[in-house]
Amino acid sequence: MDYCFRSLTRVSISTIVLAILLSSFSFTCTESYALNPNGNITIKWDIMSWTPDGYVAVVTIYNFQQYRNISSPGWTLGWTWAKKEVIWSMVGSQTTEQGDCSRYKGAIPHCCMKTPTVVDLLPGTPYNQQIANCCKGGVISSWAQDPNNYASSFQVSVGVAGTTNRTVKLPKNFTLLAPGPGYMCGPAFVGKSTKFITPDGRRVTQAMMTWNVTCTYSQLFWDTGV
């Protein structure tokens with residue numbers, strides 16, 4: 001009888017422990033989703049000026065998630081060019097590979113890849129290679145936790161591209177990687193042109209054209225942490 005009682009006690013304790021663990025895991029998943037029910041990463045591509053063979057754009061990654069930061073080693077952004085575009089130069093970021101630029105005999109582009117991969121520059125980058133909101137090693141705070149540091153930007157000069165709103169083509173197949181399972185990105189679409197206010201607040205300028213891409217966390221329901 002005593003043996004049976006001890007066995008039942010062990011079974012009961014094991015069952016209770018298992019139930020607590022399962023309920024804790026379930027709460028963590030639900031809590032993680034509740035903290036970011038409608039959060040997303042928005043990529044805004046603002047064409048600031050046209051060049052003889054393309055354009056100069058400022059690309060900004062906004063972390064509109066409420067409590068999920070992008071931590072070290074930071075974000076990695078990729079896309080596929082619609083035509084035969086090349087990246088002549090970048091400020092505030094760089095591509096991980098140059099690709100085959102052998103057809104160029106004079107000035108060599110920064111990147112000739114059909115599907116470039118871009119990463120943020122590190123803190124301490126020389127000022128002449130920086131723009132606002134760059135060079136944080138790809139780390140971005142969430143807007144709810146730090147509204148002053150929820151964006152990351154870089155400038156890109158694109159060649160062999162359209163030179164007007166009608167001839168330029170939007171990149172395709174955007175990808176955004178970050179610590180964890182990463183993000184699922186929708187297609188780029190033309191949005192309302194971004195407006196910019198000068199530091200003295202007396203003049204408003206706007207982008208020639210603005211594209212938007214929305215990326216959502218790919219394991220929203222089964223994440224075990226924020």
Side-chain angles (χ1 to χ4, degrees), residues 42-62 73-140 151-178 185 187-191 193-196 198-199 203 205-213 215:
T42 296
I43 302 167
K44 190 177 289 287
W45 191 297
D46 292 308
I47 295 180
M48 306 305 296
S49 61
W50 302 107
T51 64
D53 74 333
Y55 58 85
V56 175
V58 172
V59 181
T60 304
I61 303 171
Y62 293 97
W75 56 262
T76 299
L77 179 64
W79 62 83
T80 301
W81 290 119
K83 299 190 291 186
K84 296 182 179 180
E85 294 91 337
V86 297
I87 297 176
W88 279 115
S89 62
M90 303 190 78
V91 180
S93 68
Q94 64 183 2
T95 60
T96 57
E97 293 185 55
Q98 182 185 48
D100 182 5
C101 296
S102 59
R103 69 179 183 272
Y104 292 90
K105 305 303 180 183
I108 305 299
H110 176 82
C111 179
C112 299
M113 300 281 290
K114 178 71 173 178
T115 55
T117 299
V118 176
V119 293
D120 194 13
L121 297 182
L122 299 174
T125 295
Y127 287 113
N128 63 351
Q129 298 176 30
Q130 294 188 33
I131 66 167
N133 294 318
C134 84
C135 311
K136 296 179 284 188
V139 174
I140 313 179
S152 181
S153 302
F154 62 89
Q155 178 179 294
V156 57
S157 177
V158 181
V160 197
T163 56
T164 69
N165 287 22
R166 293 187 176 183
T167 59
V168 71
K169 298 295 182 183
L170 282 64
K172 303 178 292 183
N173 305 325
F174 276 84
T175 60
L176 179 65
L177 301 179
C185 299
F189 61 93
V190 178
S193 293
T194 304
K195 293 186 177 182
F196 305 92
T198 57
R203 175 174 164 80
T205 61
Q206 71 180 52
M208 303 293 179
M209 193 176 186
T210 296
W211 310 332
N212 295 299
V213 178
C215 304

Check whether any side-chain N or O of [X] sits under 3.5 Å from a backbone N or O of [Y] as a donor-acceptor pair, and report yes or no.
X	Y	result
Asp120	Val139	no
Thr51	Gly54	yes
Lys114	Lys83	yes
Thr210	Thr194	yes
Thr80	Asn173	no
Lys136	Ala151	yes

Go through it in stages, so that I can follow the logic: the residues are Leu121 and Gln130, the test is side chain to side chain contact (heavy atoms under 4.5 Å, CB included), and I'd like the CA-CA distance, side-chain angles, deciding distance and then a yes or no. CA-CA 9 Å; Leu121 297 182; Gln130 294 188 33; over 6 Å; no
Euclidean distance, [Y] [atom2] relative to [X] [atom1], rounded to 0.5 Å:
X	Y	atom1	atom2	value
Asn165	Ser193	CG	OG	7.0 Å
Gln129	Cys135	CD	SG	8.0 Å
Ser153	Tyr62	OG	OH	6.0 Å
Leu176	Cys185	CG	SG	5.0 Å
Cys101	Met113	SG	CE	10.0 Å
Asp46	Gln206	CG	CD	10.5 Å

Using the rule side-chain contact (heavy atoms from CB on, under 4.5 Å), only one of Val58, Leu77, Thr60 pairs with Phe154; which is it? Leu77
Answer yes or no: is there a side-chain heavy-atom contact under 4.5 Å between Thr117 and Glu97? no
I need the minimum non-hydrogen distance between [X] and [Y], along with the two atoms involved.
X	Y	value
Val86	Arg103	CG1-NH2, 3.6 Å
Val158	Trp88	C-CD1, 4.2 Å
Gln98	Ile108	NE2-CG2, 3.5 Å
Ala207	Met48	CB-SD, 4.4 Å
Gly191	Asn212	CA-ND2, 3.6 Å

Parallel, tilted or perpendicular, as decided by the 30° and 60° cut-offs, for the rings of Phe174 and Trp79: tilted
Does the pair Val168 and Trp211 meet the rule for a side chain to side chain contact (heavy atoms under 4.5 Å, CB included), with working shown? CA-CA 11 Å; Val168 71; Trp211 310 332; 3.9 Å; yes
Might you work through the side chain to side chain contact (heavy atoms under 4.5 Å, CB included) test for Met209 and Tyr55, ending with a clear yes or no? CA-CA 10 Å; Met209 193 176 186; Tyr55 58 85; over 6 Å; no
Evaluate Val160 against Trp81 for side chain to side chain contact (heavy atoms under 4.5 Å, CB included), listing each step before the verdict. CA-CA 11 Å; Val160 197; Trp81 290 119; over 6 Å; no
